[in-house]
J.: 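Got a structure for you, written out below as C-alpha cells; questions coming shortly.
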Amino acid sequence: MEFKAPLLFVSALCLSALTSPQDSCGQRRLAATPGWSRIVGGREAPEGAWPWQVSIQIRSRHHCSGTIVSSLWVLTATHCFHKFLGISRRHFRVLAGLRVLSAPGGQTQVRSISAVKMHEDYDDVTSDNDVTLLLLSSPFNFTDHVQPACTPQNVTHEINLNFSHCFISGWGSTQYKGRLVNRLQEAEVELIDRRTCNLITWYDGFITENMICAGLESGAADSCQGDSGGPLQCYSEDEDRFYVVGVTSFGYECGLPLRPGVYARTSRFAGWLKTSQAASASAAHRAKLTLISGLLSAALLLL
Ligand code: ARG
C-alpha cells in the first residue's frame, strides 16, 4: 500500500506537466541584455544570443532557419517547404543550440520532423501567409543554448509591447548572390510601418497585412538568401524578453535602400498558431492523458 502515494504524486506531476502552458519564453540565459551594435551589415552573434534559432537542414546542409516556439514546435516559412515536398521527410533535420554550422558541438540538439503544417492560404505569387509549423519527432530539452521565443497574442498585443530593439539572425549570405556563412550572424533592424513600406518608391503596394517590413531605410542591415524562415525578434524592455515578431520571407535582392526585408507578421497568425498546434498535438496528447488518468484512478482506487 506504500506505493499509492508515490503513484498519485507521479500521476499528478505528469498531468500538470501536460496541461500547464508555456510560461518561460524569450529569455536568453547566456547573453546579457542586447548590446546595441549596429546577414547583410551584421556581425557574429555571441554565444547563446538566439537560443530559439534553429537550422533546418536537408541531407546535412543548411536549407532554412526556424524559431522554436515550444518544445515540440518550430515556426518557419512555407516557401522553405512547398517546393521541397518531393524530398522525403527523413532527409530533413532540425538543429538547435548551434552557432557554427560546420561544428555543431555538445550543446546542439538534433531532431527529425514528424509533421509539416503549412498555412492553408499560402500564396506563392504574393508570398502571403508564409508561415509553417514543424512538429518535431521528440521535444527539445530547454537549456542555456536551447529556449523557446515568445509569440505575440494578437496585433494589439504586438503594438502594446512597445519594442525597443529588433534583430534578425541567420546563416544566410552577407551579400546578394553570396554564399552561406558558417557562423550565425545578427543585425539590428527597425520595424518599418506598412504604409511606408507600400510607398511607390518602396514595395509599391505589395505588402499585405500579414507582412511586416524591417531593415534600415539605407539598406545597411538586411536578411538575405539562406535566412528564410528565421526570426525577426524584438526585445520588450517591460517584460525583459524577446518575441518573434516576424518570419523571414522575402526581399528584393539584399541590403538595397528602400527595399527592406519582408517578414510574415506572427501577431497576425496567433490564432492559426494555436489551433494548428492544438489539432496535431491533441491526438498524442489524448493518448497520454488517457494513460495518466488511468494511473490516477488506479491510485485513487487503492486509497
Ligand atoms: N527568400 C529568402 C530565403 O529563401 C530570404 C530573403 C530575404 N531577403 C531580403 N532581402 N531580406 O532565404
Side-chain angles (χ1 to χ4, degrees), residues 38-43 50 53-58 61-67 74-85 87 92 94-95 101 116 118-119 122-132 134 166-194 196-199 201-204 206-208 210-234 244-266:
R38 273 264 94 170
I39 291 190
V40 178
R43 59 168 187 183
W50 313 113
Q53 166 110 35
V54 300
S55 163
I56 300 166
Q57 309 197 338
I58 302 180
R61 292 167 76 120
H62 175 80
H63 170 62
C64 269
S65 274
T67 304
V74 163
L75 176 63
T76 183
T78 302
H79 81 263
C80 293
F81 279 84
H82 89 123
K83 282 194 187 134
F84 296 85
L85 290 176
I87 301 175
F92 283 86
V94 179
L95 279 75
L101 284 178
V116 178
M118 296 192 276
H119 197 288
Y122 171 65
D123 184 328
D124 75 350
V125 176
T126 62
S127 295
D128 203 18
N129 301 306
D130 197 3
V131 285
T132 278
L134 306 177
C166 296
F167 297 83
I168 48 175
S169 50
W171 291 274
S173 48
T174 53
Q175 57 185 54
Y176 181 56
K177 292 196 167 157
R179 296 164 42 143
L180 289 179
V181 295
N182 196 25
R183 291 168 175 273
L184 185 65
Q185 303 287 303
E186 64 176 27
E188 187 170 357
V189 290
E190 283 160 16
L191 299 181
I192 297 166
D193 73 86
R194 184 162 162 250
T196 307
C197 208
N198 263 332
L199 289 175
T201 46
W202 294 56
Y203 279 113
D204 192 14
F206 207 82
I207 308 304
T208 71
N210 302 316
M211 303 173 184
I212 189 162
C213 297
L216 301 175
E217 189 169 345
S218 68
D222 195 8
S223 47
C224 203
Q225 269 62 44
D227 288 321
S228 276
L232 159 65
Q233 52 234 319
C234 298
V244 53
V245 169
V247 175
T248 308
S249 181
F250 70 93
Y252 181 75
E253 299 191 357
C254 306
L256 293 180
L258 314 188
R259 295 290 185 281
V262 185
Y263 301 79
R265 189 174 186 178
T266 52

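Whatever order the structure lists them in is the order used to number ligands and atoms, beginning at 1. What you are looking at is a predicted structure, and each value in this text was computed from that prediction instead of being measured.
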J.: With no hydrogens and no angle check, do the side chains of T248 and D227 hold a donor and an acceptor under 3.5 Å apart?
T.: no

J.: Near D222, which atoms of ligand 1 are under 4.0 Å from a heavy atom of that residue?
T.: 9 (C), 10 (N), 11 (N)

J.: How does S249 reach ligand 1, by side chain, by backbone, by both or by neither, if only non-hydrogen atoms under 4.0 Å count?
T.: backbone

J.: Can you find a non-hydrogen atom of G226 under 4.0 Å from ligand 1?
T.: yes

J.: Ignoring angles and geometry beyond distance, decide whether Y252 reaches within less than 3.5 Å of ligand 1 through its nitrogen or oxygen atoms.
T.: no

J.: Under 4.0 Å from a heavy atom of G261: which atoms of ligand 1 are those, numbered in the order shown and with their elements?
T.: 11 (N)

J.: Output, in order, the C-alpha distance, side-chain angles, deciding distance and verdict of side chain to side chain contact (heavy atoms under 4.5 Å, CB included) for L180 and R61.
T.: CA-CA 10 Å; L180 289 179; R61 292 167 76 120; over 6 Å; no

J.: Please confirm whether H79 and F250 have ring centers closer than 6.0 angstrom.
T.: no

J.: Taking 4.0 angstrom as the limit and counting only heavy atoms of D227, give me the atoms of ligand 1 inside it, by number and element.
T.: 12 (O)

J.: Please state which part of P260 comes within less than 4.0 Å of ligand 1, counting heavy atoms only: side chain, backbone, both or neither.
T.: neither

J.: Once the angle between the rings of W50 and F167 is folded into 0 to 90°, is it parallel (under 30°), tilted (30 to 60°) or perpendicular (over 60°)?
T.: tilted

J.: Identify the heavy atoms of T174 and V181 that sit nearest to each other, and give their distance.
T.: CG2-CG1, 3.7 Å

J.: For atom 10 (N) of ligand 1, find the nearest protein heavy atom and state the residue, atom name and distance (0.1 Å precision).
T.: E253 O, 2.7 Å

J.: Heavy-atom contacts with C254 under 4.0 Å: which atoms of ligand 1 show up? List them by number with element.
T.: 10 (N)

J.: Report, in ascending order of atom number, the atoms of ligand 1 lying under 4.0 Å from any heavy atom of C224.
T.: 5 (C), 6 (C), 12 (O)

J.: Considering all heavy atoms of both residues, which atom of F206 and which atom of N198 are nearest to each other, and what is their separation?
T.: N-OD1, 3.0 Å

J.: For atom 5 (C) of ligand 1, which protein heavy atom lies nearest, and how many Å away is it?
T.: S228 OG, 3.0 Å

J.: Answer yes or no for G215: is there a heavy-atom contact with ligand 1 below 4.0 Å?
T.: no

J.: I'd like to check whether V262 has a polar contact with ligand 1, where a contact means an N/O of the residue lying under 3.5 Å from an N/O of the ligand.
T.: no

J.: Taking atom CD of E217 as the centre, does the number of heavy atoms from other residues, nucleotides or ligands within less than 6.0 Å exceed 12?
T.: no

J.: What atoms of ligand 1 come within less than 4.0 Å of a heavy atom belonging to S223?
T.: 7 (C), 8 (N), 9 (C), 10 (N), 11 (N)

J.: Between H79 and ligand 1, which residue portion shows a heavy-atom distance shorter than 4.0 Å: side chain, backbone, both, or neither?
T.: side chain

J.: So that I know where these two stand, are F92 and F84 an aromatic pair - ring centroids less than 6.0 Å apart?
T.: no

J.: Does either side chain, that of T78 or that of H119, offer a donor lying less than 3.5 Å from an acceptor on the other one?
T.: no

J.: Before giving the answer on side chain to side chain contact (heavy atoms under 4.5 Å, CB included), spell out for H82 and T132 the whole-Å C-alpha distance, their side-chain angles and the decisive distance to 0.1 Å.
T.: CA-CA 10 Å; H82 89 123; T132 278; over 6 Å; no

